[in-house]
Amino acid sequence: MAFPPSSLPVEFPCIMGIVNVTPDSFSDGGRFAERDAAVAHGLRLVAEGAAIVDVGGESTRPGSEPVSTGEELRRVVPVIEALRTALGERALVSVDTSKAEVARTALAAGADMVNDVTALRGDPRMAAVVAEAGCPVCLMHMLGEPRTMQDAPRYGDVVADVCGFLEERLAFAVSAGVAAEAVLLDPGIGFGKTLAHNLALLAGLDRVAALGRPVVLGASRKRFLGELLGAESQERVVGTAVTTALGLARGAAVFRVHDVKENLQALAVARAVVEAGA
Ligand code: HH2
């Protein structure tokens with residue numbers, strides 16, 4: 001399979017495992033427990049085959065409120081430091097943040113790339129941080145902001161609109177000094193999209209891939225799967241694996257998922273079929 005050249009040092013297709021560092025407001029003891037649990041989870045995802053672990057300290061679920069820079073730093077930096085030390089060269093560490101200060105500190109603590117769900121729009125200093133670090137960056141499409149993004153999102157042609165947005169953000173990144181080869185693009189499944197929008201984007205992923213940068217797909221356990229299946233989050237693993245298989249067939253390169261083993265299996269089968277037809 002052919003993927004665009006990239007400065008991200010992984011082989012495509014690959015899995016990006018999700019490490020959410022969830023809040024704990026009880027005590028400092030709780031904070032250590034929270035850090036250790038996140039690190040153990042990240043190591044487990046890599047043992048299962050993730051090439052990248054994506055560490056995030058701010059939920060972007062629909063309706064969620066932002067957290068302060070200080071709090072986000074306290075959540076993610078110790079986890080990134082510990083994962084970097086424990087993983088060595090075995091896997092890459094990504095920081096899922098839209099704050100320049102968090103990205104800068106995380107990169108200094110050993111993160112290899114930045115995953116910015118605002119595509120460099122959330123913090124005016126983010127583009128410079130990424131350009132100076134020379135690190136890979138994922139630019140994601142989102143309509144509105146997490147607090148309000150699911151309030152009746154509207155598009156002309158959702159695939160064309162998302163592609164236009166991603167093209168513009170890629171050009172912006174390059175104009176700010178980020179190498180084009182350092183950029184990955186993500187249609188932002190679930191970020192200001194109805195079920196129909198998410199399905200249209202999955203069906204039209206080849207048009208996103210045609211922009212010439214590796215495509216990241218983040219469909220894992222998301223709400224649209226619950227709408228299709230009538231299933232709670234933990235029961236959406238098979239549905240997620242189907243999106244992974246279909247996504248690979250349409251050219252996606254990186255799959256951001258909670259369940260590494262199952263999605264690696266989906267990739268292996270989808271890849272065998274795609275290559276048999278090549
Ligand atoms: N989705 C979420 C968070 N970060 N990054 C990229 N590049 N693509 C995505 O689709 C994406 C993302 C939301 O998913 P999840 O991690 O399950 O929830 P939370 O926002 O609580 O971290």
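Residue indices begin at 1 and follow the sequence shown. Just so you know, ligand 1 is whichever comes first in the structure, and atom 1 is the first atom listed for that ligand.
For Glu275, the CD atom sits in a packed shell: over 12 heavy atoms of surrounding residues, nucleotides or ligands are nearer than 6.0 Å.
No side-chain heavy atom of Val95 sits less than 4.5 Å from a side-chain heavy atom of Val55. For the pair Pro153 and Phe191, the minimum side-chain heavy-atom distance is 4.5 Å or more.
The structure places CE of Met142 at 8.0 Å from CG of Asp116, a figure rounded to the nearest 0.5 Å. Residue Leu120 holds its CG atom at 10.5 Å from OG of Ser98, rounded to the nearest 0.5 Å. Expressed to the nearest 0.5 Å, how far CD1 of Ile18 lies from NE2 of His41 amounts to 8.0 Å.
Neither the backbone nor the side chain of Leu217 has a heavy atom within less than 4.0 Å of ligand 1. Looking at Ser59 against ligand 1, both its backbone and its side chain come within 4.0 Å, counting heavy atoms. At a heavy-atom distance under 4.0 Å, only side-chain atoms of Val117, from C-beta outward, approach ligand 1. In Lys222, the part holding a heavy atom less than 4.0 Å from any atom of ligand 1 is the side chain. Residue contacts with ligand 1, taken as heavy atom pairs separated by less than 4.0 Å, involve Arg61 via backbone and side-chain atoms alike.
The protein heavy-atom contact nearest to atom 4 (N) of ligand 1 is Asp96 OD2, 3.0 Å. Ranking protein heavy atoms by distance to atom 15 (P) of ligand 1, first place goes to Arg256 NH1, 3.8 Å. Remark: minimum distance from atom 8 (N) of ligand 1 to any protein heavy atom is reached at Asp186 OD2, 2.6 Å. Ranking protein heavy atoms by distance to atom 5 (N) of ligand 1, first place goes to Asn115 ND2, 3.0 Å. Of all protein heavy atoms, the one lying nearest to atom 13 (C) of ligand 1 is Thr60 OG1, 3.6 Å.
For the ligand labelled ligand 1, residue Cys138 lies inside the 4.0 Å heavy-atom shell. Using a 4.0 angstrom heavy-atom cutoff, Arg221 does not count as in contact with ligand 1.
Close approach to Asn20 involves these atoms of ligand 1, each under 4.0 Å from a residue heavy atom: 16 (O), 22 (O). Atoms of ligand 1 found under 4.0 Å from any heavy atom of His258 (numbered from 1 in listed order, with element): 17 (O). Near Ile18, meaning under 4.0 Å from one of its heavy atoms, ligand 1 places the atoms 16 (O).
Salt bridge status for Arg256 with Asp186: absent, with no side-chain N to carboxylate O gap under 4.0 Å. Using a cut-off of 4.0 Å between Lys/Arg side-chain N and Asp/Glu carboxylate O, Glu71 and Arg75 are scored as salt-bridged. Between Arg84 and Asp112, at least one side-chain N (NZ, or NE/NH1/NH2) sits under 4.0 Å from a carboxylate O, which counts as a salt bridge.
Taking only nitrogen or oxygen atoms, main chain and side chain alike, Ile189 does not reach within less than 3.5 Å of ligand 1.
Under the side-chain hydrogen bond (donor to acceptor under 3.5 Å, both in side chains) test applied with Thr97, the options Glu72, Glu58, Arg104 reduce to a single match, Glu72.
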